[in-house]
2 protein chains.
Amino acid sequence: MSDNDFQYLFEPRSIAVVGVSDDAARPGSQAVRALLNNGYAGKIFPVNPKYQQFEGLRCYGSVAEIDEPIDLVVVGVPAAGVLPVLEASVEKHVPFAVVLSGGFRESGPEGIEREQRMLALARNSGMRIIGPNCLGFANIHSNVYAAFGSITREPKLKRGGVSLVTQSGGFGYSLALACSAAQIGFRHVIATGNETDIDTVQLIDALLDDPETRIIVAYIEGTGDGRALLDVGRRAMAAGKPVLLWKGGVTEQGARAAASHTASMTGTYDFYRALFKQTGIVEINEIHEAVDYLKALAGAKYPRGNGVAVMGVSGGSAIVFADAGEPQGLSLCELDPQTQQKLQAVVPNIGAVHNPIDLTAGYFSRNNEEKLATAVQAVLDDPNVQAVCVNLATTGKAGSLVAAEVLARVASAATKPIVVFSSAPTSEIGDALARFDDAKIPVLPSPSRAAKAIAMLARYEQAKHRVAREQAMSSVAAVPLAARIEVSGSALSEIESKKILAAAGIPVTRDVIVSKADGAVYDDLKAPFVVKVVSADIPHKTEVGGVKVGIQTRSELERAIDEVLASARKHVPTARIDGVLVSEMVRGGFELIAGVVNDIVFGPVVVVGAGGIYAELLGDSACRLAPFDERTAREMIDELQCRRIMDGARGGPALDVDAIAAALAALSRFAWENRESVEEIDINPLFALPSGVLAADALIVPRVPGGVQAE
Amino acid sequence: MSDNDFQYLFEPRSIAVVGVSDDAARPGSQAVRALLNNGYAGKIFPVNPKYQQFEGLRCYGSVAEIDEPIDLVVVGVPAAGVLPVLEASVEKHVPFAVVLSGGFRESGPEGIEREQRMLALARNSGMRIIGPNCLGFANIHSNVYAAFGSITREPKLKRGGVSLVTQSGGFGYSLALACSAAQIGFRHVIATGNETDIDTVQLIDALLDDPETRIIVAYIEGTGDGRALLDVGRRAMAAGKPVLLWKGGVTEQGARAAASHTASMTGTYDFYRALFKQTGIVEINEIHEAVDYLKALAGAKYPRGNGVAVMGVSGGSAIVFADAGEPQGLSLCELDPQTQQKLQAVVPNIGAVHNPIDLTAGYFSRNNEEKLATAVQAVLDDPNVQAVCVNLATTGKAGSLVAAEVLARVASAATKPIVVFSSAPTSEIGDALARFDDAKIPVLPSPSRAAKAIAMLARYEQAKHRVAREQAMSSVAAVPLAARIEVSGSALSEIESKKILAAAGIPVTRDVIVSKADGAVYDDLKAPFVVKVVSADIPHKTEVGGVKVGIQTRSELERAIDEVLASARKHVPTARIDGVLVSEMVRGGFELIAGVVNDIVFGPVVVVGAGGIYAELLGDSACRLAPFDERTAREMIDELQCRRIMDGARGGPALDVDAIAAALAALSRFAWENRESVEEIDINPLFALPSGVLAADALIVPRVPGGVQAE
């Protein structure tokens with residue numbers, strides 16, 4: 001549950017606005033006018049020592065002068081004057097401040113210092129601060145406008161259940177305007193700017209406790225605490241409140257632009273995407289996508305599988321739906337013979353009763369009202385069908401209204417989602433659109449966008465179950481405890497690393513360590529062998545001639561041991577060499593790479609990928625935040641492009657995917673358990689075999705206590 | 001140039017409409033009313049023997065009864081009555097017919113036969129037919145409505161320079177409605193239905209000769225003649241008329257839906273995409289994408305490179321632009337120091353004069369008019385900048401109007417495209433939008449869509465040069481002639497295949513053929529060797545033990561020759577064995593696969609891909625329609641995921657990309673030259689080496705004359 005109690009931030013009974021003036025462009029002036037124009041019901045205290053009155057209200061000389069309790073202070077004075085205002089507010093026990101003013105860390109050393117003092121003030125006093133350098137926020141239901149700029153301008157957003165949190169005010173409000181144009185209504189709109197104190201993650205957390213907020217949309221460029229985002233994402237799923245998140249700054253260029261924009265830390269996009277999968281956070285990266293998804297999520301009905309029935313009056317639209325749906329995992333399912341029989345009775349002969357169902361041109365008409373209801377009901381009742389797309393396409397005013405009435409009626413009792421595609425002009429079919437809106441049936445402007453919205457709903461439903469499972473894991477008691485190790489100093493040797501991983505439940509190859517050419521080991525292990533020099537001072541052994549493979553005979557083995565020792569000594573004369581590792585060479589497996597990155601923002605993240613040169617070139621890898629279970633590990637493996645090899649491609653044997661999943665889950669538990677001491681783990685290669693897996697080489701890099709995190 | 005003269009189809013002086021009735025829903029009735037309501041200036045002859053008059057016009061008993069010349073007959077009678085009407089029209093020397101009626105090949109054996117007779121009638125008489133089973137067409141400029149359904153309904157499309165050709169009337173007209181809602185105007189809208197006679201490609205061809213058509217949008221589910229589409233695409237590029245093409249039925253499911261919808265042949269999507277690249281046809285697969293691209297193309301200004309400057313009032317918008325632009329190949333270029341100096345003078349200090357340029361909030365205002373003009377001009381003058389995106393984001397009415405006026409003025413003299421992102425409600429900024437529209441400056445609803453539109457313009461500009469080059473190649477005189485071979489019967493042997501390819505200019509490995517274990521060959525070639533059994537009856541040699549590799553010594557060679565002969569004889573006792581091929585084994589190269597598919601729709605297509613298991617799994621391949629030159633071949637190679645290996649990945653040597661390109665170009669010329677006789681070519685592996693390439697194995701499959709094409 002949330003520790004935040006932001007009640008009087010979101011619903012202040014009184015607001016002081018510092019920095020009003022006759023200059024209408026001043027942020028404070030805009031805030032007061034917005035409060036007045038929109039009919040804010042609480043008390044407003046404008047502050048400016050030069051005025052007696054502002055917009056008909058008593059104007060105060062300072063915050064100290066205000067002789068009534070203040071729930072929220074909105075600060076719009078120049079940067080140099082902000083801290084004194086905040087200090088005065090602390091004196092008055094004001095619980096919340098919104099600092100609209102710029103001139104902080106985005107503006108050089110002086111601003112950075114100012115912002116550090118602001119943070120210290122917040123931490124010491126307990127007053128919570130939004131901003132600085134932000135557009136502020138609005139509570140659309142209660143007409144609270146602690147904001148300026150576009151948020152306060154006409155047209156006013158429609159009231160509704162969507163709350164928006166955005167690090168970028170300008171771009172974030174673009175999202176709000178597009179949603180509003182599509183008749184989507186809002187609860188809170190919050191632009192957070194520099195996020196010195198209160199950040200996006202805390203606000204999402206607080207909004208989960210707001211009964212009026214049903215869906216949350218957020219735009220972030222970065223977060224300093226990926227684990228907090230993970231927790232809040234899971235909490236959102238448990239609360240049944242979808243979170244749509246746009247991560248800005250995902251490419252090299254984007255990240256560069258982010259650095260110059262808010263100087264907030266941008267994490268690694270892959271980690272974000274893993275987090276989205278692990279929480280069911282819905283990723284968005286287009287404005288119209290946000291609009292489509294919000295419309296679709298409003299219905300709160302989710303497909304329990306990937307089978308979709310497409311019906312309507314346009315064959316081309318059905319093809320376009322299929323084209324867009326297939327890469328998203330949707331399939332136009334076979335219809336049950338019984339369904340086809342029911343359709344037969346209500347679909348004209350020149351139509352089609354298989355999927356896609358061709359109702360034939362002109363079908364949406366008053367005459368066909370009951371037939372249409374029967375057809376849609378039959379399709380909804382089909383056990384193969386998990387969602388229905390109805391293509392109205394260019395159907396006009398009258399036909400669209402009939403469809404809206406029928407679908408609204410049938411949908412009211414349905415648990416499966418219905419999505420509609422219509423391309424008729426809004427001006428023509430306004431009545432139908434209103435009817436669809438009331439029934440929470442999303443109307444989308446292309447069949448492909450309908451397909452993407454249905455696929456999103458299906459993914460959300462899948463994520464619901466995954467999150468419940470993983471959340472249970474996160475409570476430590478439920479996790480099988482992994483080995484906790486004591487590591488410090490430089491990288492561990494291969495033999496130490498493998499020993500630790502073996503104890504953590506990851507199968508490793510059989511090895512013997514020898515100090516000199518010693519054929520005796522030939523009798524203990526089974527040829528062929530790999531020999532490797534063992535030295536914590538030589539992390540990359542191949543490059544110094546410290547590895548030999550494919551050794552068959554006793555004499556070859558003796559020669560190889562001599563050679564790797566000599567080569568290592570020659571290339572790294574200062575290395576402390578512990579001996580030579582003789583290992584059974586793994587044959588017939590497929591090379592994977594597995595590892596852990598203990599990220600400063602996301603904590604331990606497990607990565608798995610294909611081995612070899614292709615892996616490097618293609619980035620064929622998947623990752624998840626540790627810890628996770630075998631099912632999540634399987635989902636990771638299923639994301640790999642090399643996944644099909646594991647089913648026995650080119651006549652090869654199938655590989656033991658269960659064992660790979662078990663190893664990854666064990667690795668994730670180990671990484672989580674040892675997150676204070678382990679910086680990085682590299683298992684390369686991890687051989688996937690027809691039965692089992694084997695880590696043939698491994699490296700654990702301890703975290704330097706209190707040291708600087710590796711880049 | 002086009003052979004089609006569709007003048008009196010598009011601009012008929014008189015139209016007979018057969019199948020009018022008091023039933024307003026009848027297609028013929030709808031057509032006549034649309035002609036009357038929209039003010040068609042020519043003569044209209046309604047036909048129905050039951051009526052004397054229809055809608056105040058004289059109604060004729062039959063086409064034969066009409067005593068004036070008829071340019072176009074529109075047929076809306078039931079299927080069984082269509083052919084007699086067409087026969088009567090031929091008698092009257094009517095040059096064009098539009099058959100709206102359904103009931104043809106989409107409706108079973110009787111319909112198929114009807115459609116075959118219709119085609120024969122068209123071919124024998126010279127009368128050209130659109131349809132059957134179509135919505136018909138409209139000439140928006142001349143108010144010709146040979147159509148029914150959505151095409152004839154309100155709201156009327158705006159007049160303009162876009163012509164639409166669509167196999168699917170319902171979905172195609174959805175495209176038109178969305179464009180119309182975005183103020184895009186139309187010339188012709190043509191729904192082609194079954195395309196028995198006139199097809200989409202012919203219509204695009206005809207529209208290239210229509211001076212009122214500036215841009216063509218098409219939706220197709222398939223074409224029977226890919227080469228005609230290639231030609232028309234190239235001709236469109238030469239004519240400077242962009243073609244936007246939506247290929248429906250691209251996935252397995254999509255193709256299935258296509259088959260059930262129009263039963264038209266769906267080609268292979270990869271071949272279409274190659275064709276799009278080779279012609280500069282702009283692929284679309286979203287309705288809003290068509291809208292965005294049409295807006296952007298209206299300006300007819302193209303970036304001559306990938307450097308974009310982004311300027312505006314929203315940092316978040318710049319990040320979103322960069323995120324979307326980077327995968328499309330766009331980069332936020334460095335600005336010249338001189339540009340930054342010029343910007344310094346007109347951008348507030350708290351802004352940024354590097355790219356993205358932060359003009360600071362509220363910059364778009366009357367006070368900054370000249371400063372804005374200076375800033376935009378400075379950026380346009382920067383030699384690194386090829387296109388400019390101006391982010392207005394949520395800028396309101398007044399600011400947007402200033403921006404529109406300034407940008408319109410600056411753009412009028414500019415050769416580089418300017419694209420604007422605005423999210424302000426249309427109702428607020430109507431004046432500004434009209435100004436932008438006049439200046440042909442596209443206004444897009446998200447920074448990401450602005451990025452995609454600019455990237456499309458850049459690709460179009462690149463394609464222009466490519467098409468000019470490739471078109472020159474297509475005239476046979478300009479192509480270095482390749483070997484023309486006489487092949488027939490079954491597959492050629494490896495040695496025959498390689499000999500032919502060597503003559504065509506593709507380097508092959510050195511081989512000697514021997515009839516028995518014969519160490520003498522050991523002295524002629526350089527170890528190590530590969531030995532392979534030679535038999536036209538054994539296409540897959542590895543599977544019968546017919547291949548051995550890595551042979552080093554004379555005795556190994558003799559043994560290997562014996563063994564492959566024995567194994568092949570044992571496994572395929574009936575095979576005619578020509579001997580054993582001893583080849584120098586290629587080392588140190590990277591394995592590619594190259595080949596040719598002589599497709600029934602697209603003709604010879606050259607394919608290149610990475611060798612090995614990953615290639616198979618990932619489909620790491622690229623293709624182009626033959627013939628093409630070395631530069632196109634390089635573009636193919638650049639598309640491969642394995643491309644980076646060729647630059648010397650993991651410390652390996654760089655590979656000879658020029659030689660690969662030369663081999664592919666030679667292969668394409670050979671395939672084109674021998675398109676009548678060669679069905680398939682498979683070069684596997686084609687070794688890419690640090691110097692040169694070598695085909696180590698090859699198979700040419702002759703085309704069976706008059707036979708059935710391989711699936």
Side-chain angles (χ1 to χ4, degrees), chain A residues 25 102 107 149-150 153 155 168 170-174 177-178 181 219 221 248-254 257-258 260-261 285-288 313-320 322-323 326 331-332 350 352 356 361-362 393-394 396 423-425 445-446 448 613-614 617-618 641-642 644-645 649-650, chain B residues 25 102 107 149-150 153 155 168 170-174 177-178 181 219 221 248-254 257-258 260-261 285-288 313-320 322-323 326 331-332 350 352 356 361-362 393-394 396 423-425 445-446 448 613-614 617-618 641-642 644-645 649-650:
Chain A
S107 69
S150 48
R153 276 204 300 268
S168 163
F171 182 68
Y173 204 69
S174 291
L177 286 174
Y219 171 85
E221 281 156 19
V250 301
T251 65
E252 211 185 327
Q253 291 190 6
S260 69
H261 176 47
N285 48 39
E286 255 302 354
I287 290 180
H288 63 258
V313 294
S314 159
S317 301
I319 289 168
V320 169
D323 283 344
E326 204 229 40
S331 76
L332 265 63
I350 59 162
T394 62
S423 61
S446 80
S448 17
I613 194 164
Y614 252 97
L617 289 173
L618 305 183
Q641 295 182 291
C642 63
R644 275 166 51 203
I645 290 174
R650 283 195 165 178
Chain B
S107 70
S150 48
R153 276 203 301 268
S168 164
F171 181 68
Y173 204 69
S174 290
L177 286 174
Y219 171 85
E221 282 156 18
V250 300
T251 64
E252 212 185 328
Q253 290 189 8
S260 69
H261 175 50
N285 48 39
E286 255 302 355
I287 290 180
H288 62 258
V313 294
S314 159
S317 301
I319 290 169
V320 168
D323 284 346
E326 204 228 42
S331 77
L332 264 61
I350 58 164
T394 62
S423 61
S446 79
S448 17
I613 196 165
Y614 252 95
L617 289 173
L618 305 184
Q641 296 181 290
C642 63
R644 274 166 51 203
I645 291 175
R650 284 196 164 176

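Chain A is the first sequence line, chain B the second, and so forth, proteins listed ahead of strands; every chain is numbered from 1.
If you tally non-hydrogen atom pairs under 4.5 Å between each of A:Asn285, A:Val320, A:Val313 and chain B, the highest count goes to A:Val320. Comparing B:Ala424, B:Ala25, B:Pro155 by how many heavy-atom pairs each has under 4.5 Å with chain A, the most go to B:Pro155.
Between A:Gly170 and B:Ser314, the shortest heavy-atom contact is C-OG, 3.9 Å. Summarising the geometry of A:Tyr219 relative to B:Gly316, their closest heavy-atom pair is OH-O, 3.6 Å, with the distance given to 0.1 Å. For the residue pair B:Arg153 and A:Thr394, the shortest heavy atom distance occurs at NH2-O, 2.9 Å.
With sequence neighbours excluded, the residues that form a side-chain hydrogen bond (donor to acceptor under 3.5 Å, both in side chains) with A:Ser448 are A:Ser446, B:Glu286.
Both the backbone and the side chain of A:Ala393 come within less than 4.5 Å of a heavy atom of chain B.
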